[in-house]
Asks: 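Okay, handing you the structure first.
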Amino acid sequence: MTGPATRRKSGTNRLSAALKQLSALTFDLHADQPRLDLGPQGTRILKEVIAAANAGLWVSVVILAATLVDVCMHESSQFDSMSFAGGNRGDDSAGDIQDEVFGLSYLTANERHQLDILRAHRNALVHYEGPVAGVSGSADDEAALAATAEQALWAILPVLENMERWG
């Protein structure tokens, strides 16, 4: 039987590739400065996404990763008006191209789909509408949440990579 610390460590190992890529993309460790101009709120949320992933706080990773995309689209000086696919329309649509002409339209269909999945996971955790995989009290919750957190990190990388390219 494994304890919480052992499960957290093995879950963190699953995230290591995504987390390493995210960390390398976003922070210059030698200068201890962010590489991306995300604005003050975006920079803080990014630091907390990384800290949460390192600590094995999977729910926090998912919530913060989805929030970071929203903040990047609204706070950064790079974009004027964006919407995270699905935006504030209150429905489950994937987002029409006219809603994101300058926002996330540079992403591939799969990358936008991954952001839609991320938003759905975040919303399921934040806006309780019934049982959610990973927080149901079952034995495989830790693995399910770690996999969702890993998916969240991979989903935000294309958005941040584009900000590095054009920021």
Side-chain angles (χ1 to χ4, degrees), residues 2-76 78 82-88 104 107 111-164 167:
T2 60
T6 305
R7 284 194 306 267
R8 188 175 301 126
K9 183 173 172 95
S10 69
T12 302
N13 289 339
R14 294 174 57 174
L15 288 172
S16 64
L19 187 55
K20 283 180 186 176
Q21 188 171 340
L22 180 64
S23 296
L25 171 68
T26 57
F27 289 102
D28 182 346
L29 298 177
H30 301 293
D32 194 29
Q33 294 291 319
R35 291 182 190 219
L36 302 175
D37 182 16
L38 302 179
Q41 185 175 354
T43 299
R44 182 64 198 190
I45 291 171
L46 178 59
K47 287 179 181 179
E48 293 205 11
V49 167
I50 292 170
N54 281 321
L57 302 172
W58 311 133
V59 170
S60 296
V61 169
V62 172
I63 293 169
L64 290 169
T67 303
L68 180 61
V69 174
D70 287 338
V71 170
C72 286
M73 295 298 100
H74 296 289
E75 186 176 86
S76 89
Q78 169 181 349
M82 315 289 142
S83 69
F84 186 169
N88 294 323
L104 300 174
L107 296 175
E111 290 167 341
R112 287 192 303 266
H113 178 68
Q114 293 305 309
L115 289 176
D116 288 340
I117 291 169
L118 171 58
R119 177 174 278 275
H121 283 300
R122 192 267 313 265
N123 287 347
L125 290 166
V126 173
H127 308 291
Y128 183 80
E129 294 180 0
V132 176
V135 291
S136 63
S138 67
D140 65 344
D141 278 354
E142 188 76 18
L145 281 176
T148 301
E150 178 181 29
Q151 184 180 19
L153 294 182
W154 287 116
I156 67 173
L157 278 168
V159 174
L160 297 174
E161 286 170 347
N162 187 66
M163 295 185 81
E164 177 190 43

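Owing to the predicted nature of the structure, the values given are computational and were not obtained by experimental measurement. We count residues from 1, following the sequence as given.
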Asks: If you take all heavy atoms of Ala149 and Trp58, which pair is closest and at what distance?
Replies: CB-CE3, 3.7 Å
Asks: Let's go through Arg122 and Thr67 carefully: what are the C-alpha distance in whole Å and the side-chain angles of both, what is the deciding distance for side chain to side chain contact (heavy atoms under 4.5 Å, CB included) to 0.1 Å, and is it a yes or a no?
Replies: CA-CA 9 Å; Arg122 192 267 313 265; Thr67 303; 3.5 Å; yes
Asks: Which residues pass the side-chain contact (heavy atoms from CB on, under 4.5 Å) test with Leu46, not counting sequence neighbours?
Replies: Leu22, Thr26, Phe27, Leu38, Ile50, Leu68, Leu160
Asks: Going by side-chain contact (heavy atoms from CB on, under 4.5 Å), name the residues that satisfy it together with Val135, two or more places apart in sequence or in a different chain.
Replies: Val59, Leu125, Val132, Leu145
Asks: Side chains of Arg119 and Asp70, heavy atoms from C-beta outward: is any pair under 4.5 Å?
Replies: yes
Asks: Might you point out which heavy atoms bring Leu19 and Ala53 nearest each other, and give the distance in Å?
Replies: CD1-CB, 3.8 Å
Asks: So, using side-chain hydrogen bond (donor to acceptor under 3.5 Å, both in side chains) as the criterion, who are the partners of Asp140 when residues are at least two apart?
Replies: Ser138
Asks: For Glu48, give me all partners under salt bridge (charged side-chain N to carboxylate O under 4.0 Å, His left out), at least two apart in sequence or on another chain.
Replies: Arg44
Asks: Cut-off 3.5 Å, side chains only: do Trp154 and Gln21 have a donor facing an acceptor?
Replies: no
Asks: To check you understand the geometry: which heavy-atom pair defines the closest contact between Ala18 and Leu153, and what is its length?
Replies: CB-CB, 3.9 Å
Asks: If I compare all heavy atoms of Ala65 with all of Ile156, which pair ends up nearest, and what's the gap?
Replies: O-CG2, 3.6 Å
Asks: Quick one: side-chain contact (heavy atoms from CB on, under 4.5 Å) partners of Glu111, sequence neighbours excluded?
Replies: Leu107, Thr108, Pro158
Asks: Grab the two heavy atoms, one from Leu118 and one from Ala155, that are nearest each other, plus how far apart they are.
Replies: CD2-CB, 4.3 Å
Asks: Just how far is it from atom CG of Asn123 to atom CD1 of Ile63, taken to the nearest 0.5 Å?
Replies: 10.0 Å
